[in-house]
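Taking it in order: structure first as structure tokens, then the write-up.
Chain letters run A, B, ... following the sequence lines, proteins first and then strands; every chain starts at 1.
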2 protein chains.
Amino acid sequence: MATIGKLAGVSQVTVSRALSNPEKVSAAAMERIQEAIRVTGFVPNALAGALASRKSCLITALVPSITNVVYSSLLHGFSEIMRAEGYQLMVSETGFSPETEEALIFTHLSRRPDGILLTGIHHSATARRMLLGAGIPVVEFWDITESPIDCCVGFSHTESGRHTAEMAHGWGYRRAATVAAGDQRALRRRDGFRNRFAELSGHADIPAITGEAGPASLQSGRAALAALIEDHGFSGGVIQCSSDQSALGILTEARIRGLRVPQDVAVIGFGDQDYAAFTDPPLTTVKVDRDRLGRAAARAMLTRFRGESDPDRVTDIGFELLRRASA
Amino acid sequence: MATIGKLAGVSQVTVSRALSNPEKVSAAAMERIQEAIRVTGFVPNALAGALASRKSCLITALVPSITNVVYSSLLHGFSEIMRAEGYQLMVSETGFSPETEEALIFTHLSRRPDGILLTGIHHSATARRMLLGAGIPVVEFWDITESPIDCCVGFSHTESGRHTAEMAHGWGYRRAATVAAGDQRALRRRDGFRNRFAELSGHADIPAITGEAGPASLQSGRAALAALIEDHGFSGGVIQCSSDQSALGILTEARIRGLRVPQDVAVIGFGDQDYAAFTDPPLTTVKVDRDRLGRAAARAMLTRFRGESDPDRVTDIGFELLRRASA
DNA sequence: TTGAAAGCGCTAACAC
DNA sequence: GTGTTAGCGCTTTCAA
């Protein structure tokens, strides 16, 4: 900046102002400064700027996995809004591990972000302490709780499971099974479903296949149906899956085994992936408006930046069970 | 750090050393420092550290879209290795737009990353100038060229199209069509295919449906087959698609129209998404080892950090046509 | 409208 | 092993 200033015949401070408060610089000086910038290819150092102004224009996000469309599409919507406001996003993957999350929160906080976005509402005690100590907006998304660190926007996973059970029971299903990935939220959807379906149907024996924490794959869905039939004596009914991926696997395995969907096996997925409407048969699934969620999370953060008093701490964006032909 | 020092009875510099060169600090001092850190919940300021040391431990990446598994899985592999070496990743989406890319390169460079990762080999002149001026490693991935900015790792899209044409012709197909998204690389795969297939079959009329730049969707695939049949009089043969997504759309539309795959319509996708082996029929598709690509890109960058002389400028990781039942 | 001075929180180079 | 000094490249006051 000093160099630019020399070239333009002004001081370094004026260059700084030209970049951040253009209206406070005379047109003549402005022109010479811009010319000097063009000639030199000057790129300001945002690190120094952030250090001096205590504003990094950086938002940090932690998600379990970026290859999972559920999270990446959320980040997409979120970052789109934040970028329009001048904020950049730094993302890391926790791989569904609380320990990794804790370590990453420390690393991220050391970059002095203006805000932080976290997945889910369960964080280690140390993590909570660091977050609180950082004194920046924290938004937890994809789940809700009455006691967020700062604020949260999402929906109740337990409720989505319960609702799925009620609808399935309403459609006449009397037998059920569940296939879930091992992560916190998938398990709560599963439990919500099992408890409610048991209440309604009077059958407490609802076979459950539980995978590892981590992304469910089509393969794991296929294996799950095989296990359900061969190891658990599952002989028909509705299967609640924790993702559309595993639901697609079940559809595939069912076809290979000559089972009719939904007559012999009915399938309900979760996520409403873009292919869900085009599987054979089309997948009945729980849809969460991820675009809206991403935007709501961005709005919550921006509201906090503006320092508005008494902003909403918890935003429930709900879910919707889309009935298609698979159940 | 000064506060920590005071609590531990040492100077601020010793605290700094305790964190970055623990071996240069006495065990006694170390212990008191760590205790003070624990008590205060101190999180060092990486911004200030980066400013002073001219090393940000930040890698910046630009991809067209993070919701596209092709790119996100690459980032996943890349960041995994980089994180193990102490580097964090900042990602932004260009949305397939060169203008956006240029603007983002400027923004990213202002954060003084230690290296930058770009998608593809086509960048604006201004972008190239900025990149060169930054004096940091630049790795371009997902494509190759003889004249990278710094280095590139990927494969030849034209060649993958040509190879697909040769194989399809070898399998006995004599008629073809293409369905491509509008981005640079999809178009080169398409052109490679069309040129080679025309040479081999002697039929120069290969109907081509070209979409917008941006992610192809299942829907666009369905629409493409409809257009092929209704507008282009396509009456059978093999269809080369620029993604598995659109290929799945074609499979879907074919089933709805009562067309047999591959007898009436044969389909070849691109990407080998995780569901490709499980569609009905399983999808013949071009596979690129994305994990390997991500790792190769990371290795290229790390090699440059070590300042090794004469590192490989271009790494071709190739591709593979997986024949399944759809063609 | 512009500039001078101070300082953001750290690391690098040197002394002790 | 530890401390002192001098910046890193900006923004923020304050004064002119």
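Per the geometry, CG belonging to Leu19(B) stands 13 Å off P belonging to dA12(C), to the nearest Å. Atom pair Asn21(A):CG and dC10(D):P shows a separation of 15 Å (rounding to whole Å applied). Per the geometry, CZ belonging to Arg111(B) stands 18 Å off C1' belonging to dC8(D), to the nearest Å.
In terms of the ring-ring contact (aromatic ring centres under 6.0 Å, His included) criterion, Phe96(B) has no residue partners (sequence neighbours excluded). Contacts of His108(B) classified as ring-ring contact (aromatic ring centres under 6.0 Å, His included), with partners at least two apart in sequence or in another chain: none. With sequence neighbours left out, the salt bridge (Lys or Arg N to Asp or Glu O under 4.0 Å) criterion links Arg304(B) to Asp150(B). By the side-chain contact (heavy atoms from CB on, under 4.5 Å) test, Leu89(A) is found to be paired with Ile59(A), Ala61(A), Leu75(A), Phe78(A), Ser79(A), Val91(A), residues two or more places apart in sequence or in another chain being considered. Contacts of Glu35(B) classified as side-chain contact (heavy atoms from CB on, under 4.5 Å), with partners at least two apart in sequence or in another chain: Arg38(B), Val39(B). The ring-ring contact (aromatic ring centres under 6.0 Å, His included) check on Phe106(A) picks up nothing, with sequence neighbours excluded.
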Atom pairs under 3.5 Å: protein N/O with N/O of nucleotides 7-10 of chain C:
from	atom 1	to	atom 2	distance (Å)
dC8(C)	O3'	Arg54(A)	NH2	3.0
dC8(C)	O2	Ala52(A)	N	3.4
dG9(C)	OP1	Arg54(A)	NH2	2.8
dG9(C)	N2	Ala48(B)	O	3.3
dC10(C)	OP1	Asn45(B)	N	2.9
dC10(C)	OP2	Met1(B)	N	3.2

Mind listing the N/O atom pairs, protein and nucleotides 13-16 of chain D, below 3.5 Å?
none

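Asn45(B) approaches Leu47(B) most closely through the heavy-atom pair OD1-N, 2.8 Å. Between Thr100(B) and Arg83(A), the shortest heavy-atom contact is CG2-NH2, 4.0 Å. Contact record, Asp316(A) with Ile144(A): OD2-CD1, 3.7 Å, taken as the closest heavy-atom pair.
Within a 6.0 Å radius of CD in Glu146(B), no more than 12 heavy atoms belonging to other residues, nucleotides or ligands are found.
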Side-chain donor-acceptor pairs of residues 109-135 of chain B under 3.5 Å, sequence neighbours excluded:
from	atom 1	to	atom 2	distance (Å)
Ser110(B)	OG	Thr107(B)	O	2.6
Arg111(B)	NH1	Ser56(A)	O	2.8
Arg111(B)	NH2	Ser56(A)	O	3.2
Arg111(B)	NH2	Cys57(A)	O	2.9
Arg112(B)	NH1	Val43(A)	O	3.4
Arg112(B)	NH1	Pro44(A)	O	3.4
Arg112(B)	NH1	Leu109(B)	O	3.0
Arg112(B)	NH2	Val43(A)	O	2.7
Asp114(B)	OD1	Ser56(B)	N	3.1
Asp114(B)	OD1	Ser56(B)	OG	3.4
Asp114(B)	OD2	Ser56(B)	N	3.4
Asp114(B)	OD2	Cys57(B)	N	2.6
Thr119(B)	OG1	Leu62(B)	O	2.7
His123(B)	ND1	Glu101(B)	OE1	2.8
His123(B)	ND1	Glu101(B)	OE2	3.2
His123(B)	NE2	Gly120(B)	O	3.0
His123(B)	NE2	Glu140(B)	OE2	3.0
Ser124(B)	OG	Glu102(B)	OE1	2.6
Ser124(B)	OG	Ala127(B)	N	3.1

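With values rounded to the nearest 0.5 angstrom, Tyr71(A) atom OH is found 7.5 Å from Phe141(A) atom CZ.
With axes fitted over five pairs at each extremity, the angle between the ends of the helix from dT1(C)-dA16(D) to dC16(C)-dG1(D) is 30° (10° resolution).
Near DNA chain D, meaning a heavy atom under 4.0 Å from it, residues 24-36 of chain A has no residue at all.
Sorted by first and then second residue, the salt bridge (charged side-chain N to carboxylate O under 4.0 Å, His left out) pairs involving residues 5-32 of chain B (not counting sequence neighbours) form an empty list.
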